[in-house]
Amino acid sequence: MKQPKSLTREQYLKQFSRAVRWRLPPRESEDAIADYRELIFQEERDESKLVEELGEPVQAAHLLTDVKSYRRWLAVFAVLAYGLFLLAKWDFTGHSSIYLSSHDQWWYPVWVMAVGMALSLYWFRRHGQKNGPLSRRLAPALAAVLVVGVVVIGWAWHVMSPEWLERAAMEPFGGPLGRQAWMLGDMLMYGGVFCALAALTGLVLAKCYDRRWLALYILGVTVAAMMGFMTFQLKSMDVSSGATDMLRSYLFARLIPIGAAGLVGTGVALC
């Protein structure tokens, strides 16, 4: 019979803490961690027999889990994480394998954002918990996502001005204005992936520590969706048609409400 792997007290508590935070609401998980800390650090307890006496850390966390509630959470997480995967893929490749019509494709990222916001706010407002003071790391994380979004969208505003487009049309291939256009494509690609990863981080931290981390998920999914929307729109626009004065106003008239909805959702998540 295989002997259980020996763990130090610190290793056992660390593995148990990770497992229980993922499976239980924040307040319940902190209570469970406190109880197990007392058990683990009892003076009379033999450290070499921790796993033998208390079970594997993940198994111990499983015994405390409400299985039905945990499975519902896994289903919610799977939907939200898959949405973030799609946004990252669309931002990085500028292409969707889902095809209903050429016009519908523009709105795919916005649909993902809308479903993600509605589902996540419903779940965490009902099942999530605030856990102490607001984390000091949340504000810098939100600021980083916001700065990425503002820089990329601001650069798109610059590149799509009628004057810039007219000058770019007269420039030889590979000139400085063309490089600025290529830079916008790279910014949309990498900025979108960064925001999707930030959103995933916020989602995990909202479950494991404090529901207010959901604000990072909502802001990240909003900016990633806006970048995906811009990517699909720019790939479908025909600059040679001559209607350069309409391109920027057409795009930003749709981006502004999307961004506003995301900011409102971010504020709700912080409450």
Side-chain angles (χ1 to χ4, degrees), residues 76-99 104-121 124 135 137-160 178-209 213-237 251-252 254-263 265-266 269:
V76 169
F77 179 76
V79 171
L80 299 177
Y82 182 64
L84 293 175
F85 166 76
L86 289 177
L87 287 178
K89 176 179 178 291
W90 293 337
D91 288 335
F92 195 78
T93 65
H95 172 73
S96 173
S97 56
I98 306 170
Y99 187 84
D104 286 337
Q105 191 178 59
W106 303 342
W107 295 99
Y108 290 172
V110 183
W111 295 349
V112 170
M113 167 193 159
V115 171
M117 282 181 56
L119 180 58
S120 63
L121 283 172
F124 282 97
S135 173
R137 295 177 296 170
L138 179 55
L142 290 172
V145 173
L146 191 60
V147 166
V148 169
V150 169
V151 168
V152 176
I153 293 171
W155 191 253
W157 176 267
H158 162 69
V159 168
M160 295 187 67
R179 289 194 292 272
Q180 290 183 20
W182 279 109
M183 187 185 300
L184 174 60
D186 290 341
M187 292 168 73
L188 288 170
M189 179 167 50
Y190 293 109
V193 172
F194 168 80
C195 291
L197 291 175
L200 181 62
T201 301
L203 186 61
V204 172
L205 292 176
K207 177 64 177 73
C208 294
Y209 294 98
W213 276 102
L214 186 65
L216 181 59
Y217 165 80
I218 292 179
L219 186 61
V221 79
T222 298
V223 178
M226 293 173 73
M227 292 184 185
F229 182 82
M230 279 195 291
T231 299
F232 286 152
Q233 286 276 7
L234 292 173
K235 280 183 172 288
S236 65
M237 284 181 173
L251 180 60
F252 279 83
R254 287 150 181 78
L255 284 175
I256 290 172
I258 296 170
L263 290 176
T266 301

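For the atom pair OH of Tyr217 and OG1 of Thr266, the computed distance is 11.0 Å after rounding to the nearest 0.5 Å. Taking CE from Met227 and CG from Leu184, the interatomic distance works out to 9.5 Å, rounded to the nearest 0.5 Å. Between atom CE of residue Met187 and atom CG of residue Asp91 there is a gap of 13.0 Å, rounded to the nearest 0.5 Å. Atom CG of Leu87 is separated from atom CE of Met113 by 10.0 Å, given to the nearest 0.5 angstrom.
In this structure, the ring pair (Phe, Tyr, Trp, His ring centres under 6.0 Å) partners of Phe252, at least two apart in sequence or on a different chain, are Trp157. Residues passing the side-chain contact (heavy atoms from CB on, under 4.5 Å) test with Leu263 are Leu219, sequence neighbours excluded. With sequence neighbours left out, Ala141 forms a side-chain contact (heavy atoms from CB on, under 4.5 Å) with Trp213, Leu216. Applying the ring pair (Phe, Tyr, Trp, His ring centres under 6.0 Å) rule to Phe124 yields the partners Trp73; only residues at least two apart in sequence or on another chain are considered. Scanning for ring pair (Phe, Tyr, Trp, His ring centres under 6.0 Å) contacts around Phe229 gives Trp107, with sequence neighbours left out.
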From CA spacing to verdict: side-chain contact (heavy atoms from CB on, under 4.5 Å), Met230, Ile153: CA-CA 9 Å; Met230 279 195 291; Ile153 293 171; 3.7 Å; yes
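The aromatic rings of Tyr108 and Phe232 sit perpendicular to each other, their planes meeting at more than 60°, with 30° as the lower class boundary.
By the 4.5 Å heavy-atom criterion applied to side chains, Leu121 and Ile218 are counted as neighbours.
Atom CZ of Phe77 is surrounded by more than 12 heavy atoms from other residues, nucleotides or ligands within 6.0 Å.
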Name the atoms and distances for all side-chain donor-acceptor pairs under 3.5 Å in residues 193-208, with sequence neighbours left out.
unit_1 : atom_1 : unit_2 : atom_2 : d
Thr201 : OG1    : Leu197 : O      : 3.0
Lys207 : NZ     : Trp22  : O      : 3.1
Lys207 : NZ     : Leu24  : O      : 3.0

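Across all their heavy atoms, Ala261 and Met117 have their closest contact at O-CE, 3.5 Å.
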